[in-house]
Novice: 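Have a look at this one.
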Amino acid sequence: FPFPLPPAAGGTDMARKELAKAYEPWDVEEKWETHWEQNQTFTPNPDGPGEAYSIVIPPPNVTGVLHMGHALNLTLQDILCRFSRQQGKNVLWVPGTDHAGIATQNVVERQLKEEGLTRDDLGREKFIERVWEWKKEKGDHILSQIRRMGASVDWTRECFTFDDQRAKAVREVFVSLFEQGLIYKGDYIINWCNRCHTALADDEVEHEAKPGKLHHVKYPLADGSGHLIVATTRPETMLADSAIAVNPEDERFNKYIGKTAILPLVGRELPIIGDSYVDVEFGTGCLKVTPAHDMNDWEIGRRHNLEVISILDEKGFVNENAPEKYRGLSVTEARKLVLEDLDAEGLLGEIVDHDHSVGVCYRCKSTIEPHVSTQWFVSMKPLAEKARAAVPDKTQIFPEHWTKTYYQWLDEIRDWCISRQIWWGHRIPAWTCEACGELIVSKDDPTVCTKCGSSKLVQDEDVLDTWFSSALWPFSTMGWPDDTRELAKYYPTSCLVTGFDILFFWVARMMMMGLQFMEEIPFKHVYIHALVRDEQGKKMSKSTGNVIDPLDMIGKYGADALRFTLTSFAAMGRDIKLSEQRIEGYKHFMNKVWNATRFAMMNLPDEIPDADVHAASDLANRWILHRLEEVKASIASATDEYRFNEIAQTLYKFIWSEFCDWYLEMIKPALYGEDEQAKAATQRVLWTVLSETMILLHPVTPFITQEIWNVLPRPAGDERSEDIATLPYPEKRPDCLDDKAVAEMELFMGVVSGTRNIRTELLIEPAKKLDLLIRTVSDADKAVLEANLGLIQSLARIENVTIGPDVKGPKASGAAVVQGNELSVPLEGVVDFDAELARLDKNLGKLEKTMKGVAGKLKNPGFVNNAPAEVVEGEKRKLAEMEEEKTKLTQLKARLESVMG
RNA sequence: GGGCGCGUAGCUCAGCUGGGAGAGCAUCGGCCUUACAAGCCGAGGGUCACAGGUUCGAGCCCUGUCGCGCCCACCA
């Protein structure tokens with residue numbers, strides 16, 4: 001071997017911390033997780049120095065368990081926060097959870113059901129107590145899972161959308177909006193879930209395509225002159241009809257406008273009205289109008305001042321507004337009977353199959369029933385205008401194309417129904433005086449009526465939509481409405497990181513509320529990340545059984561590997577198809593990092609030599625320092641621009657393909673050698689590059705980097721913290737940028753790879769001693785190769801190397817040309833020459849193919865005349881180089897052929 | 001119906017302002033070389049969905065077609 005072996009383990013050196021042979025993330029991660037929390041490492045001081053950088057966590061449901069979407073979301077936020085700390089910013093990341101009204105109530109109700117109880121058995125107060133108990137016991141599970149991901153949140157500032165401070169904010173906002181006339185109470189048709197017994201906002205309704213039937217029903221005209229046929233998918237709602245509508249443009253029917261028809265089974269007279277909503281093409285062209293049970297009919301009813309007749313109660317049974325024989329029936333039963341009765345009267349026409357989409361509850365998936373009731377609303381138009389105008393000038397959305405979707409939603413916005421008929425949630429701060437009927441909306445619970453002084457006040461039974469409190473999150477978490485240091489320092493927040501599925505539910509509403517109450521946008525940037533899907537691109541869901549559980553993955557591969565995987569996938573604007581295999585792959589990367597460190601630890605003294613990195617004048621050290629500078633710059637800009645996948649890629653390539661594959665191999669002789677000065681300089685560079693790389697990697701994989709930082713030795717006087725999370729981003733070292741080193745390295749790598757290639761492709765066993773002769777083209781190249789002669793020997797596994805302008809290898813040689821330098825590996829007695837000949841032909845073929853392309857380009861006058869001069873020059877140079885290579889290869893081939901007879 | 005995204009190697013995906021097609025995994029061959037077999041050294045593999053256009057030059061820009069996916073609004 002051309003260089004000495006490493007010192008035997010044991011020796012006289014004092015015992016040092018021996019690293020495990022393979023990286024075991026489990027203990028390590030738990031250790032640092034606890035360390036950070038106990039030391040309050042991520043608790044910032046609002047009065048402290050540094051430009052503010054803040055993020056509020058999208059609060060997961062208390063009922064939830066961590067899924068891959070959370071894992072991705074947390075990883076990206078954590079990268080931003082940890083990176084920002086490295087940039088010297090004063091970083092606050094607020095954690096918390098959402099009380100998730102309906103979802104949580106459902107969970108507890110289900111639990112009660114197992115005990116044979118309903119919420120009504122307990123009563124409101126006891127029931128809420130019960131939910132709180134559940135929340136305290138089970139609800140914080142999600143928080144420990146956030147910890148497990150390594151999220152650098154400030155646990156001292158944890159919030160809950162239903163805790164006291166947030167309740168204070170909710171009341172303040174409600175009362176203020178009410179006083180400004182932006183909250184009102186009114187009758188309206190809303191989406192009603194018969195199962196959850198509550199109103200749902202439009203966007204809480206999902207649509208599912210379901211097969212249905214279009215029933216044709218005859219409505220006799222009141223004057224006995226005939227009948228109109230309407231088509232309906234919901235015949236039972238005819239009991240609540242209040243008109244028939246036709247399109248006024250429709251020549252067939254517009255003559256009936258103004259007449260009346262008789263509602264079958266009921267006998268009510270229905271006006272026939274003209275409304276352009278009616279589609280002439282669809283069905284029969286006649287539409288029965290049922291304002292109480294259809295959204296569109298409700299609108300038509302409003303336009304024409306029609307009677308609103310509701311025939312269904314809150315549980316979905318026919319009520320007293322329908323003829324007696326139908327009362328008490330369910331929707332399905334009523335439909336059956338209505339159809340039978342119509343048929344009996346000869347009023348039922350044809351029935352055709354008709355697929356249509358049906359609204360279902362986003363929580364329980366039961367069919368939504370449009371239902372008229374008294375609800376609370378927020379007027380959205382005035383709020384929406386401001387929220388729209390703030391983008392993109394004050395708030396920028398990344399990727400940018402989501403801006404359009406955001407606008408679209410705001411432009412079509414309807415008033416927001418905020419009351420929910422459940423118990424778990426912020427109760428609406430409105431009271432009615434039983435004595436005089438006065439409506440009192442107040443921040444504090446009133447004791448007497450403000451109008452008549454009566455103490456008989458009854459609070460509104462309803463609670464607020466969960467998203468109402470979520471909409472205040474960016475400032476409620478910072479203590480609003482109190483005047484806090486947090487608000488002053490950290491509002492508006494720097495970036496909101498979330499999935500697009502809640503762009504409307506949440507992001508747009510936070511914009512509105514922030515602008516309304518803080519008079520300032522809630523976040524400067526919104527980063528919309530992808531949805532995490534399974535390998536086939538399907539949404540992960542329990543029912544499909546394709547869920548990859550992040551906690552399982554952490555258990556198997558460690559949080560760092562999972563985080564790195566998610567980061568490497570997080571390209572802007574694309575969904576993530578996750579597979580376990582990928583996570584396993586990146587676990588290997590973690591192990592690689594670990595082993596590189598092990599190697600360093602075996603070759604670094606307990607105290608890092610106080611050498612200047614510039615003192616290392618050899619190729620490997622100059623090159624790696626140059627590359628480190630480039631990587632620093634590229635990681636910083638990638639992070640600034642939310643190109644997360646690029647952070648991962650850059651680090652992966654640098655650490656594995658450059659630092660490990662080349663640098664570590666190249667410095668072995670110096671580390672094992674006798675030249676103390678060169679050794680010290682190399683040790684210093686090795687330590688510098690490794691430790692700075694750990695800092696660069698830290699935002700993505702916090703645990704392993706912390707562990708490594710902790711075991712790595714230091715130079716004397718290095719007083720930096722043991723805690724890598726608190727270290728600044730590595731400073732630039734511009735004088736280490738060294739293009740010459742890059743060029744030299746390219747030559748060196750070419751020679752080593754070229755030689756390895758000859759050996760491997762000719763199937764020469766690695767142990768076989770080979771020689772290498774290099775005929776150089778310039779003194780500069782000769783100098784570079786001579787300086788690295790030992791490395792060529794060790795890396796290419798070569799016995800003797802001869803370098804010089806006049807060097808000539810034997811005719812029977814394997815050959816390659818690297819930047820004009822001719823490599824010859826004598827093959828006499830080693831291998832049969834046919835194989836080498838074939839190899840040379842293959843390489844020549846490739847070369848000629850490329851040359852043809854470039855030559856063609858240069859022959860094109862259009863290219864030569866129009867392309868920028870430097871591009872043309874570049875092509876010319878390329879072609880010249882390839883021509884030279886071709887000539888030399890051809891000659892070498894001819895020489896080989898000459899000895900083959 | 002309106003809007004958006006995506007079709008690049010067998011698979012999953014990069015490819016930022018247009019200038020000689022990349023990675024990981026998988027496959028094939030060779031290696032237990034002393035940090036790492038969770039590893040090392042090499043190899044094969046692509047009409048960048050299709051058709052036009054702009055340009056000296058297109059994976060990238062424009063138009064259209066096909067295919068996949070999503071969101072919004074929904075025809076009773």
Side-chain angles (χ1 to χ4, degrees), chain A residues 1 5-6 8-9 19 21-23 202-203 207 214 230-234 237 245 277-279 281-284 286-290 294-297 354 356-357 359 399 401-402 404-405 408-409 412 500-501 503-504 531 533 535 537-539 568-569 571-579 581-582 584-603 637-638 641 643 645-646 649 652-653 657 660-661 664-665 668 753 756-757 759-761 763-767 794-797 850 853-854 857 860-868 870-872 874-875 878:
Chain A
F1 234 56
L5 292 172
L19 296 188
K21 195 163 174 183
Y23 179 54
D202 288 339
D203 43 20
H207 293 269
L214 202 51
V230 304
T232 177
T233 51
R234 297 201 54 198
T237 63
Y277 169 77
V278 181
D279 182 349
E281 306 287 322
F282 190 85
T284 61
C286 297
L287 170 69
K288 72 183 200 61
V289 184
T290 321
D294 184 279
M295 300 288 177
N296 296 301
D297 292 11
H354 175 67
H356 61 147
S357 72
H401 71 256
W402 286 106
K404 201 166 177 179
T405 312
Q408 214 179 312
W409 188 72
E412 291 165 13
F500 59 80
D501 46 336
L503 184 63
F504 308 137
L531 239 46
R533 299 172 180 280
E535 284 169 274
K538 294 203 202 92
K539 211 166 167 170
S568 72
F569 267 118
M572 267 201 233
R574 192 164 187 144
D575 282 349
I576 295 177
K577 288 184 204 159
L578 190 69
S579 74
Q581 205 183 31
R582 295 295 295 257
E584 192 182 356
Y586 286 120
K587 163 93 195 288
H588 296 174
F589 176 59
M590 293 299 107
N591 195 53
K592 187 73 178 177
V593 171
W594 185 252
N595 274 294
T597 307
R598 281 185 69 218
F599 171 80
M601 297 291 288
M602 290 171 184
N603 292 286
S637 65
E641 292 160 40
R643 296 203 306 268
N645 60 315
E646 206 175 294
Q649 264 168 24
Y652 188 95
K653 186 178 169 231
S657 311
C660 291
D661 286 352
L664 293 186
E665 295 305 324
K668 280 176 180 174
S753 297
R756 281 171 175 171
N757 195 290
R759 180 194 290 273
T760 316
E761 287 202 13
L763 302 173
I764 300 166
E765 51 192 292
S794 61
L795 297 192
R797 301 182 149 260
T850 324
V854 180
K857 220 173 177 179
N860 179 353
F863 173 72
V864 184
N865 296 331
N866 295 320
E870 66 266 27
V871 174
V872 178
E875 294 295 310
K878 250 185 316 194

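To find a chain, count down the sequence lines: A is the first, B the second, and so on, and within it residues start at 1.
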Novice: Separation of A:Phe569 atom CZ from B:C13 atom P, in whole Å?
Specialist: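 In whole Å, B:C13 P and A:Phe569 CZ are 7 Å from each other.
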Novice: When rounded to the nearest Å, what value does the distance between C1' atoms of B:A9 and B:G46 take?
Specialist: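 Result for the C1' pair: 5 Å, nearest Å.
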Novice: Which whole number of Å gives the distance between the P atom of B:G59 and that of B:C48?
Specialist: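 It comes out at 7 Å once rounded to the nearest Å.
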Novice: Rounding to an integer number of angstrom, what distance separates B:A26 and B:G10 when you compare their C1' atoms?
Specialist: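 It comes out at 7 Å once rounded to the nearest Å.
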Novice: Return the value, rounded to whole Å, for the distance between atom NZ of A:Lys288 and atom C1' of B:A76.
Specialist: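 Answer to the nearest Å: 8 Å.
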Novice: Report yes if some heavy atom in the side chain of A:Glu875 is under 4.5 Å from a heavy atom in the side chain of A:Phe863; otherwise report no.
Specialist: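 Yes, at least one pair of side-chain atoms sits under 4.5 Å.
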Novice: I want to confirm an ordering. Mapping A:Lys404 and A:Val278 to their closest nucleotides on RNA chain B, which one lands closer to the 5' end?
Specialist: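 That would be A:Lys404.
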Novice: Kindly indicate whether the side chain of A:Arg756, heavy atoms from C-beta on, has any atom under 4.5 Å from the side chain of A:Leu795.
Specialist: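 A side-chain contact under 4.5 Å exists here.
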Novice: How is A:Glu412 classified with respect to the nucleic acid when contacts are heavy atoms under 4.0 Å: base, sugar-phosphate, or nothing?
Specialist: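 A:Glu412: backbone/sugar contact only, no base atoms under 4.0 Å.
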Novice: Quickly work out the A:Asp279 CG to B:G1 P distance and round it to whole Å.
Specialist: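 So the CG-P distance, A:Asp279 to B:G1, works out to 12 Å.
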Novice: To the side chain of A:His401, which of B:G30, B:G5, B:G24 is closest?
Specialist: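 For the A:His401 side chain, the nearest candidate turns out to be B:G5.
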Novice: Does the side chain of A:Arg598 reach to within under 4.5 Å of the side chain of A:Lys21, using non-hydrogen atoms?
Specialist: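 A:Arg598 vs A:Lys21: side chains touch.
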Novice: So what does A:Thr233 touch, heavy atoms closer than 4.0 Å: a base, only the sugar-phosphate, or nothing?
Specialist: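 Contact class for A:Thr233: sugar-phosphate only.
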Novice: Output yes when a side-chain donor or acceptor of A:Arg797 lies under 3.5 Å from a complementary backbone atom of A:Ala767, and no otherwise.
Specialist: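 Not confirmed, A:Arg797 side chain does not pair with A:Ala767 backbone.
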Novice: Reading nucleotides 37-46 of chain B from the 5' end, what letters show protein touch, with B for base, S for backbone sugar-phosphate only, - for no heavy atom under 4.0 Å?
Specialist: -BSSSSSS--
Novice: Could you tell me the separation between the CG atom of A:Leu763 and the P atom of B:G29, rounded to a whole number of Å?
Specialist: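 Those two atoms, CG and P, are 11 Å apart.
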Novice: How many Å lie between CZ on A:Phe599 and C1' on B:C36, as a whole number?
Specialist: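 After rounding, the reported distance stands at 11 Å.
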Novice: Suppose you measure atom P in B:G18 against the same atom in B:G3; what distance do you get, rounded to whole Å?
Specialist: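 So the two P atoms sit 27 Å from each other.
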Novice: Classify the angle between the aromatic ring planes of A:Trp402 and A:Phe500 as parallel (below 30°), tilted (30 to 60°) or perpendicular (above 60°).
Specialist: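 The arrangement is parallel - the two ring planes meet at less than 30°.
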Novice: Once hydrogens and angles are ignored, does a donor-acceptor distance under 3.5 Å link the base of B:A73 to the side chain of A:Gln408?
Specialist: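 A donor-acceptor contact between them is absent.
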Novice: Examine distances only and state if a side-chain atom of A:Asp294 and a backbone atom of A:Asp297 form a donor-acceptor pair shorter than 3.5 Å.
Specialist: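 Between the backbone of A:Asp297 and the side chain of A:Asp294 there is a qualifying donor-acceptor contact (under 3.5 Å).
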Novice: Please state the P separation for the pair B:C16 and B:C6 - nearest whole angstrom.
Specialist: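 Each nucleotide's P atom is 12 Å from the other's.
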Novice: Nearest whole angstrom, please: distance from the P of B:G1 to the CZ of A:Phe282.
Specialist: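 Atom-to-atom, A:Phe282 to B:G1, this comes out as 14 Å.
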Novice: Over how many whole Å does the gap from A:Glu665 atom CD to B:C31 atom C1' extend?
Specialist: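 For the pair A:Glu665 CD and B:C31 C1', the rounded distance is 14 Å.
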Novice: Compare all side-chain heavy atoms of A:Ser794 with those of A:Lys668 and state whether any distance is below 4.5 angstrom.
Specialist: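 No, every pair of side-chain atoms sits at 4.5 Å or beyond.
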Novice: For a quick check of understanding: with a heavy-atom distance under 4.0 Å over all strands, which category does A:Arg582 fall into, base, sugar-phosphate or nothing?
Specialist: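 Base contact - A:Arg582 has a heavy atom under 4.0 Å of at least one base atom.
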Novice: Taking only the side-chain heavy atoms of A:Thr850 (C-beta and beyond), determine which of B:G24, B:G20, B:U33 contains the nearest atom.
Specialist: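 Side chain of A:Thr850 sits closest to B:G20.
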Novice: I'd like to know if the side chain of A:Asn591 and the backbone of A:Lys587 have a donor-acceptor N/O pair within less than 3.5 Å.
Specialist: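 Between the backbone of A:Lys587 and the side chain of A:Asn591 there is no qualifying donor-acceptor contact (under 3.5 Å).
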Novice: Would you indicate which nucleotide in B:U33, B:G24, B:A14 comes nearest to any side-chain atom of A:Arg797?
Specialist: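 Of all the options, the side chain of A:Arg797 is nearest to B:U33.
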Novice: If we ignore hydrogens and angles and just use 3.5 Å, is the side chain of A:Thr237 paired with the main-chain N or O of A:Arg234 as donor and acceptor?
Specialist: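 Here the side-chain-to-backbone pair exists.
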Novice: If pairs are Watson-Crick or G-U with both distances under 3.5 Å, what is the dot-bracket string of RNA chain B, marking crossing pairs with [ ] and pairs to another strand with |?
Specialist: (((((((..((((.....[..)))).(((((.......))))).....(((((..]....))))))))))))....
Novice: Check every strand shown and say whether A:Leu287 touches a base, only sugar-phosphate, or nothing at a heavy-atom separation below 4.0 Å.
Specialist: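 A:Leu287: base contact, heavy atoms under 4.0 Å.
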Novice: Do we see a donor-acceptor contact under 3.5 Å between the side chains of A:Lys878 and A:Thr850?
Specialist: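 No, no side-chain donor-acceptor contact under 3.5 Å.
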Novice: Measure from the side-chain N and O atoms of A:Asn645 to the backbone N and O of A:Phe569, and report whether any donor-acceptor pair falls under 3.5 Å.
Specialist: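 The answer is no, because no donor-acceptor pair under 3.5 Å joins these two groups.
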Novice: Find every protein N or O atom lying less than 3.5 Å from an N or O atom of nucleotides 54-58 of chain B, and list the pairs.
Specialist:
residue, atom, partner, partner atom, Å
B:C56, O4', A:Gly862, O, 3.1
B:C56, O4', A:Asn866, ND2, 3.2
B:C56, O2', A:Asn860, ND2, 2.8

Novice: CZ of A:Phe500 versus C1' of B:C70: gap in Å, rounded?
Specialist: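 These atoms are roughly 6 Å apart.
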Novice: Say you pick atom C1' in B:U47 and the same atom in B:G29; how far apart are they, in whole Å?
Specialist: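 Straight-line distance between the two C1' atoms is 29 Å.
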Novice: Base, sugar-phosphate alone, or nothing: which one does A:Tyr586 contact when heavy atoms must sit under 4.0 Å apart?
Specialist: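 Result for A:Tyr586 = nothing.
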Novice: Is there a side-chain polar atom (N or O) of A:Lys668 under 4.0 Å from OP1 or OP2 of B:A35?
Specialist: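 For B:A35, OP1 or OP2 has a side-chain N or O of A:Lys668 closer than 4.0 Å.
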Novice: Quote, to the nearest angstrom, the P distance that separates B:G30 from B:A14.
Specialist: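 These two P atoms come out 35 Å apart once rounded.
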Novice: Do A:Val593 and A:Tyr23 make a side-chain contact, defined as non-hydrogen atoms from C-beta onward lying under 4.5 Å apart?
Specialist: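 A:Val593 vs A:Tyr23: side chains apart.
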Novice: Start with the C-alpha distance between A:Ser568 and A:Gln649, add both sets of side-chain angles, then the distance that settles side chain to side chain contact (heavy atoms under 4.5 Å, CB included), and finish with yes or no.
Specialist: CA-CA 6 Å; A:Ser568 72; A:Gln649 264 168 24; 6.0 Å; no
Novice: What distance, rounded to whole Å, do you find between the two P atoms, one in B:U8 and one in B:C60?
Specialist: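 To the nearest whole Å, 13 Å.
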Novice: State, with a plain yes or no, whether a side-chain heavy atom of A:Trp409 is found less than 4.5 Å away from one of A:Lys404.
Specialist: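 They are not in contact (no side-chain heavy atoms under 4.5 Å apart), so the answer is no.
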